[in-house]
There are 2 protein chains.
Amino acid sequence: MKELKSSVQKTFALLEYFTIQKPIWGVTELAEAIGSNKSTVYRFLADLCRLGVLYKDPVTEKYGLGLKLFELGGRVQLKSAFVDKTHPELIKVAVRITETVHIAVLKNHQVFYVDKVESPQGLKISSHIGSFNPAYATALGKTLLAFLPEEIKMQTIHTIMDLKKPIAFTQNTILNKTTLLKELAQIKAMGYGIDREEFEQGLICVAIPVFNQNNEVVASLSASGPANRFEEKKVADYVATLKKGANAIQHKIGFFKPW
Amino acid sequence: MKELKSSVQKTFALLEYFTIQKPIWGVTELAEAIGSNKSTVYRFLADLCRLGVLYKDPVTEKYGLGLKLFELGGRVQLKSAFVDKTHPELIKVAVRITETVHIAVLKNHQVFYVDKVESPQGLKISSHIGSFNPAYATALGKTLLAFLPEEIKMQTIHTIMDLKKPIAFTQNTILNKTTLLKELAQIKAMGYGIDREEFEQGLICVAIPVFNQNNEVVASLSASGPANRFEEKKVADYVATLKKGANAIQHKIGFFKPW
DNA sequence: AACGTTATTTCGTATTATGAAACAAAGATA
DNA sequence: TATCTTTGTTTCATAATACGAAATAACGTT
């Protein structure tokens, strides 16, 4: 690899090619995609296989992500101390609400999708666990921002709205800082946030904050559905159910805090 | 690090120190545990943090496993193409059976625990997702072995019983190859396997095979509970419920095969 | 049988990693 | 408040690993 990069960086850069959409690669194919010599890539692949980080199909000679990553992923505290505990509560909420339920945390001024439970009757939502979305344009994000401690909130909003130049996703996306601050104040007052097609056309999302037992906001919990199915009365019902879920979650996670 | 090892190996060796039991390390503490210079370890930690593989708590200056591993773990096909689909079925089984339900695959001649759902009424089982256990001494393992294609089965049993010298976990552990082969024949005939305190004192486990839509055995599904609660009648009921679960799983996983 | 493609190995050279030492920062102690 | 101790962070000469061109092996296609 003709770049000034540590081997650690190269290793994880290589692992990035193994996606949900394309989970399987051959040596030459991957070398071409990376722009590296195939003997270099071959050695990385061989090393990673020995460690169980990748596996090699003996028949096709193609490589895929291995059990070691599955196991390491399970040791991340977000998984072992949070998702494993909250997942059953998401299921209960999804059963009652019959829409897709998500839980997310704030990371790098964005929402990071941590888990979701789809309802058979619910709309298929394109969100992807393990991915980021803009905090300012999602119910999950706005709700997380709204309940942050005041100083952290102002710093974060400054970063998002002034330094990082927000973009519009739909006509409804809030791009003005003052407008966003008013919106967050309203979310704080009402105890829940709504994304009215601000991030995705045709999609409405209702979110409420999730606190730990130190009363720190650690996540947000939401229900998403098509715009034509969200009536005012339903919103109140959803909020009530989400709050029950959030209370149960608070009991289960103790003082857990995703840094 | 004074060893002849690639940086890839060193990287994953370092990540191994971040366990469920001890998820958080400081620079010097980790360097001492590894037996490496703290400036070397510091650079690895810094690199891994920039990649999101680790995170650093800004207050305590300690390190923990980061979101990137959570996300990579979610991209492993065993997770995205299997666990995500089978988990709801495990829940349904656990609700009916009111014991702990596990699903495992065969890897390196051992059972690899992939998922589990505990029942509130169930005994707390010490199994750990992402860990291995001996195939010859567990219901999950014996059942997987029993339903393997004949040639692969004989090879695998040769490896386990002749080359790897099995050890006893309890007085009931099967150590004789001929005895094990008879046991597997019986499991094949009955369609389910039982571990009668062969792996853990006081614990009985019933497992059935899970097939994909190519009729290849890809996993096994089990219910575990204390020995004093397992009566003959209950076994038949459990097997029936587990079979329903396995059928539902077969429908959901298509031709998926954990390599 | 010949050809094309991909996987795998070799070895001289290029690049990265190491660790001792020094410095910075912060908490503990007198 | 000053001093000491411990941990985190940085520097740089040296040691070790990584690289890639070329060759070989393996396998599928024609």
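Bear in mind that the values here come from a model prediction, so they are computed numbers and not experimental data. Residue numbers begin at 1 in each chain, while the letters A, B, ... track the order of the sequences.
Here the nucleotide nearest the side chain of Lys10(A), chosen from dA18(D), dT11(D), dA22(C), is dA18(D). Closest to the side chain of Lys38(B), out of dT8(C), dA17(C), dA22(C), is dA22(C). Across dT17(D), dG8(D), dT11(D), the shortest atom-to-atom separation from the side chain of Glu61(B) is found for dG8(D).
Summarising the geometry, the separation between CG on Leu45(B) and C1' on dG8(D) is reported as 11 Å, rounded to the nearest angstrom. Computed from coordinates, the Gln9(A) CD to dT16(C) C1' distance equals 11 Å when rounded to whole Å. Going from atom CG of Asn37(B) over to atom C1' of dT9(D) covers 12 Å, rounded to whole Å. Going from atom CD of Glu32(A) over to atom P of dT5(C) covers 11 Å, rounded to whole Å. Nucleotide dT9(C) holds its P atom 17 Å from the CZ atom of Phe44(A), rounded to whole Å. Taking atom OH on Tyr63(A) and atom P on dA7(C), their separation rounds to 7 Å, with Å as the unit.
In this pair, Phe169(A) and Tyr136(A) present their aromatic rings tilted. The plane angle is within the 30 to 60° band.
The residue Lys56(B) sits close only to the backbone: its heavy atoms come under 4.0 Å of sugar-phosphate atoms, none of a base. Backbone-only contact: Thr28(A) has heavy atoms under 4.0 Å from sugar-phosphate atoms and none from a base.
Under the 4.0 Å criterion applied to side-chain N and carboxylate O atoms, Lys153(B) and Glu151(B) are not assigned as salt-bridge partners.
Between Gly26(A) and Arg43(A), the residue whose closest nucleotide on DNA chain C is further toward the 5' end is Gly26(A). Heavy-atom nearest nucleotides on DNA chain D were determined for Ser7(A) and for Trp25(B), and the one closer to the 5' end corresponds to Trp25(B).
With values rounded to the nearest 0.5 angstrom, Gln9(A) atom CD is found 13.5 Å from Leu14(A) atom CG.
Asp47(B) and Ser6(A) form a side-chain donor-acceptor contact under 3.5 Å, judged by distance and modelled atom types alone.
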